[in-house]
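In what follows, a structure is listed as structure tokens, so that the remarks can point back to it.
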Amino acid sequence: MLFSRFLKMALILGLLSAIGPFAIDMYLPALPAIGQSLGAEVGAVQWSLTAFFLALGVGQLLYGPVSDMLGRKPPLYFGLGLFTLASVGCALATDIDTLVALRFVQGLGAAAGMAIPRAVVRDLHTGTEAARLMSLLMLVFSVSPILAPLAGSALIAVTGWRGVFWAVALAATAGLALVFTTLSETRPASERVQSSLASALHAYGLLLRDRHYLGLVFIGGCAMSGFFVYLASSPFVLINHYGLTPTQYSLAFSVNAVAFIGASQLTGALGERFGLVRVVKAAASASGAMMLVLLGYYLAGGDRLAVLIALYFIASAFMGLVIPTTSVLALEQHGAIAGTASALLGTLQMLTGAAAMGVVGLFSSGQPLPMVVGMAAGALVGVALTWLTLGRVHSGALQERRA
């Protein structure tokens, strides 16, 4: 019965978290078609992704403190409603500037589904139990990059790229119904008494002075930034350079998601056996090593799609251990301000990813090398941060700090 409730909560939170990424992953196969339809260059189309990520990051700064003050559910209602309206606007956009602006608004709505589920996890659990729930949440969440590109390519074939936005508007409406009917409030009124705008600003100041928290946030952020570079560049590289169809691209993209999902389900068991800190150190280092090999291959003149997919498959598996585990460790010491801590974590990670996409976008040419350089840079900076942050932290240190 306990496991059933555990699984139900993971399913609800994972679906809410996936609504925003679904709007990204379904959209990816359409990027070249959007450029042709709206007469926009590659860089301009990529800005519709970057704008979404920027809003997804900045918006979480608002939702986190609000969820600490008002409870977890009210900001979810607002965010999902805003996302739905912006999705309809995107479906009706007639030029790239309008689409980029509406994608920013859409990202502001989606931010609620990114920040608040992590806070709910921290409301309910800590330690390896939190890692286990977070990994189950990631299992549901990670279905998006497997199914969404395939669903997107099918929709595009039938309805064109605008059908993608009508579909995510329907998904957000379903999310609103899910919050209303099945999600219980995990931030009771008695715990909101001390929460205010002043306390939120104080909490952000506290978090920004916590080097350990920031180190963990940016370890996950660096892992995610490499993935964001791949998100923005891979449609042009795999479809235009390597000649894949949108459906073939969706399948190739899904392979990496399978690796991420499979590995993330091991975080609870590995954390119990070796400690969460050791898991992060080993996984981040292994992911960085794989990306270094991939970078060396392309710098040496290699240009085979199979090599790109195979090596990034392995790197993605290790990222599946790094991202949920660093999130749990970062929130471990901040239960009283879990919403605010989760929001800042999401904001900093999204802004890191958006910055990486923006920089790589300046050099994008549809060729693999700029994309691979950006992906590898994120992974290698993440390795350096891992050892700077956790190099002297043993597996039981966080438990001792709590005691």
Side-chain angles (χ1 to χ4, degrees), residues 53-70 72 75 111-112 114-123 125-127 130-131 134 187 191-225 275-277 279-281 284 322-356 378 381-403:
F53 279 114
L54 286 171
L56 201 58
V58 173
Q60 292 182 64
L61 288 175
L62 302 175
Y63 290 112
V66 169
S67 76
D68 284 339
M69 288 185 276
L70 303 180
R72 308 305 184 201
M114 297 297 292
I116 296 173
R118 284 192 302 264
V120 172
V121 170
R122 180 56 185 83
D123 289 341
H125 300 287
T126 59
M134 191 73 77
R187 179 79 169 178
E191 296 180 7
R192 304 175 207 161
V193 175
Q194 302 301 320
S195 297
S196 64
L197 178 59
S199 69
L201 294 175
H202 175 76
Y204 279 131
L206 176 70
L207 293 167
L208 290 170
R209 292 191 299 271
D210 186 340
R211 293 182 181 180
H212 186 77
Y213 167 84
L214 290 176
L216 288 163
V217 167
F218 282 113
I219 293 166
C222 287
M224 291 178 68
S225 68
L276 297 179
V277 171
V279 170
V280 174
K281 289 179 183 177
V322 171
I323 292 174
T325 307
T326 51
S327 296
V328 168
L329 290 173
L331 300 181
E332 196 78 37
Q333 300 299 309
H334 299 290
I337 52 170
T340 304
S342 173
L344 185 60
L345 179 150
T347 293
L348 294 176
Q349 290 186 343
M350 288 294 169
L351 292 181
T352 300
V381 173
V383 173
L385 282 175
T386 297
W387 289 96
L388 285 172
T389 304
L390 300 175
R392 295 183 180 180
V393 178
H394 60 79
S395 299
L398 294 178
Q399 298 291 338
E400 292 170 6
R401 286 171 62 186
R402 278 207 310 275

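Excluded from the calculations below are hydrogen atoms, water molecules and symmetry mates; all remaining heavy atoms, backbone and side chain alike, are included.
Counting only heavy atoms from C-beta outward, the side chains of I219 and V322 approach each other to under 4.5 Å. Between R209 and L214, the closest side-chain pair of non-hydrogen atoms is not below 4.5 Å. The shortest side-chain heavy-atom distance between L345 and L216 does not fall under the 4.5 Å cut-off. Proximity of M224 to I323: side-chain heavy atoms (C-beta onward) are separated by under 4.5 Å at one or more points.
Here the CG-CG distance, from L348 to L61, works out to 7.5 Å after rounding to the nearest 0.5 Å. Note that the CG atom of L351 and the OG1 atom of T347 stand 6.0 Å from one another [nearest 0.5 Å]. Here the straight-line distance linking atom CZ of F218 with atom OG1 of T352 works out to 4.5 Å at 0.5 Å rounding. Rounding to the nearest 0.5 angstrom, the gap separating the NZ atom in K281 from the CG atom in L276 is 12.0 Å.
Of all the heavy atoms in L56 and Q60, the pair that sits closest is O-NE2, 2.9 Å. Closest non-hydrogen pair, L207 versus A341, comes out as CD1-CA, 3.6 Å. Taking every heavy atom of both residues into account, Q349 and G221 meet most closely at NE2-N, 3.5 Å. Counting all heavy atoms, side chain and backbone alike, T386 lies closest to A284 at OG1-CB, 3.4 Å. Heavy-atom minimum distance, A330 versus V217: CB-CG2, 4.3 Å. Scanning all heavy atoms of the two residues, the minimum distance from A112 to P75 falls at CB-O, 3.6 Å.
S225 contributes a side-chain N or O that, together with a main-chain N or O of C222, makes up a donor-acceptor pair within less than 3.5 Å. Panel note: side chain Y213, backbone L206; no donor-acceptor pair is recorded below 3.5 Å.
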